[in-house]
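First up is the structure itself, then whatever we jot down about it.
Counting starts at 1 for both ligands and their atoms, following the listed order.
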Amino acid sequence: MRISIKDDNIGKYLNAKALKKADEAYETLVSGKGPGSEFTGWLNLPEKMLSDTEKIEEAAIRIRSNSDCLVVIGIGGSYLGTRALLNYIKSISYNSLKKTTPDIYFIGNDLSTDHISEVIEQIGERDFSVNVISKSGTTLEPSITFRIFRELLKMRYGDDAKNRIYVTTDKEKGLLKEEADREGYQTFEIPDDVGGRFSVLSAVGLLPAAVAGIVIRRILKSADSFMKSDEGVALAKKYAGIRYSAHKDGKSMEIFSAFNPKLRYLGDWWEQLFGESEGKEHKGLFPASLLFTSDLHSMGQYIQDGKRLFFETFCHVAHENTEISIPYLEGDQDRLNFIAGKDVSYANLKALEGTEIAHLEGGVPNIRITFDDFSEETFGEAIAFFELACGISGYMLKLNPFDQPGVEKYKRNMFKLLGKEE
Ligand code: PA5
């Protein structure tokens with residue numbers, strides 16, 4: 001197990017009643033008898049994908065051989081997990097790394113002309129391919145963006161453009177699937193029984209990951225083992241039980257305080273996972289992710305002394321890939337020689353420990369989730385852990401964690417205002 005939870009700062013939140021409820025919710029989840037159970041295919045997704053990696057790996061080899069850049073178009077569940085994966089296992093500045101794999105640009109996750117123009121400019125004259133990801137095949141942001149990049153590909157490659165378009169979508173439904181079949185684009189399936197925010201371990205996340213040289217089988221194997229292990233399930237129940245108690249205690253927010261920039265998009269993915277799954281029927285903790293130590297210098301004041309709204313989940317990675325020791329300075333002008341020779345990550349850990357104590361004293365109960373390292377295996381466990389905890393937690397709140405009726409409401413207004421006919 002590459003994940004642990006430190007729970008000595010939450011007092012009464014970890015109790016037998018909450019754990020019993022978590023047990024019951026887990027049974028509902030795996031029995032397939034809960035609301036929305038037709039969308040629990042993510043429970044077996046790592047195992048299923050393990051027998052289906054060849055096609056993804058072949059496409060990744062092709063993209064690596066003929067493209068300097070891959071443009072990944074998608075939004076929400078068709079974007080955040082993929083970015084979290086690349087960010088966690090590779091780097092927040094993946095494109096700037098010295099590497100032999102293509103640059104990867106994420107786009108289609110907003111409606112900004114400048115953002116699109118910047119990506120086009122960054123690609124420049126370099127060869128590129130496009131991976132458009134949309135389960136419904138009709139989402140406005142990726143659809144508009146795909147129109148633009150489809151045109152660019154056609155202008156540059158003519159008839160060969162179709163060999164540079166990779167579509168990740170529903171197996172049979174949707175406009176994108178129809179187009180892909182008509183035009184002969186290579187397609188990858190987002191399974192029917194897996195919703196967007198649970199789809200990162202399908203081709204949604206795995207194709208861009210394989211293009212970046214990430215060993216996708218290592219992610220899948222470890223996610224699969226975690227989902228099926230008693231220890232993994234117990235850890236997810238524990239987290240769900242603690243969240244439930246915080247909710248019961250009247251907390252209205254959970255802050256995900258990540259102590260490493262490589263966790264930034266994991267935090268964004270986590271926000272969507274819990275926010276879209278639980279924000280229903282006027283229930284659910286509002287999930288907000290922050291990046292420490294930087295946000296301690298902007299949001300720290302409110303957390304310490306502002307309105308008492310929240311419970312906090314610190315997230316930390318025990319071993320970074322590199323070590324940098326703090327240099328000794330002759331004369332000690334900045335008065336830092338007392339930590340000379342220590343690794344920077346030691347200072348980070350002490351900042352975390354100091355923050356935990358301060359926030360607890362300020363009335364913010366907190367837990368610490370520690371991930372061992374930035375490996376494929378640990379990422380696989382992290383995804384399995386949060387997904388399991390989310391399914392359990394949603395059922396503890398007695399709601400359907402697998403739909404998102406609220407997301408449709410703004411879309412109806414937007415399309416009406418844009419003049420779309422019914
Ligand atoms: O979780 C969800 O269902 C949403 O966030 C979707 O993933 C998002 O709206 C994108 O939808 P689609 O993949 O259909 O383009």
*Under a strict 4.0 Å criterion on non-hydrogen atoms, which protein residues are in contact with ligand 1?*
I75, G76, G77, S78, S134, K135, S136, T139, G196, R197, Q272, E276, Q404

_Sole residue of N366, D7, D249 in side-chain hydrogen bond (donor to acceptor under 3.5 Å, both in side chains) with Y13_ = D249

_Regarding R2 and D373, does a basic nitrogen lie under 4.0 Å from an acidic carboxylate oxygen?_
no

*Between D224 and K228, is the closest basic N to carboxylate O distance under 4.0 Å?*
yes

*Do T40 and D193 have a side chain donor and acceptor closer than 3.5 Å?*
no

_Audit row: R164, S67, side chain to side chain contact (heavy atoms under 4.5 Å, CB included) steps and yes/no_ = CA-CA 9 Å; R164 291 177 172 270; S67 304; 3.3 Å; yes

*Compute the ring centroids of F198 and F39, then answer whether they are less than 6.0 Å apart.*
no

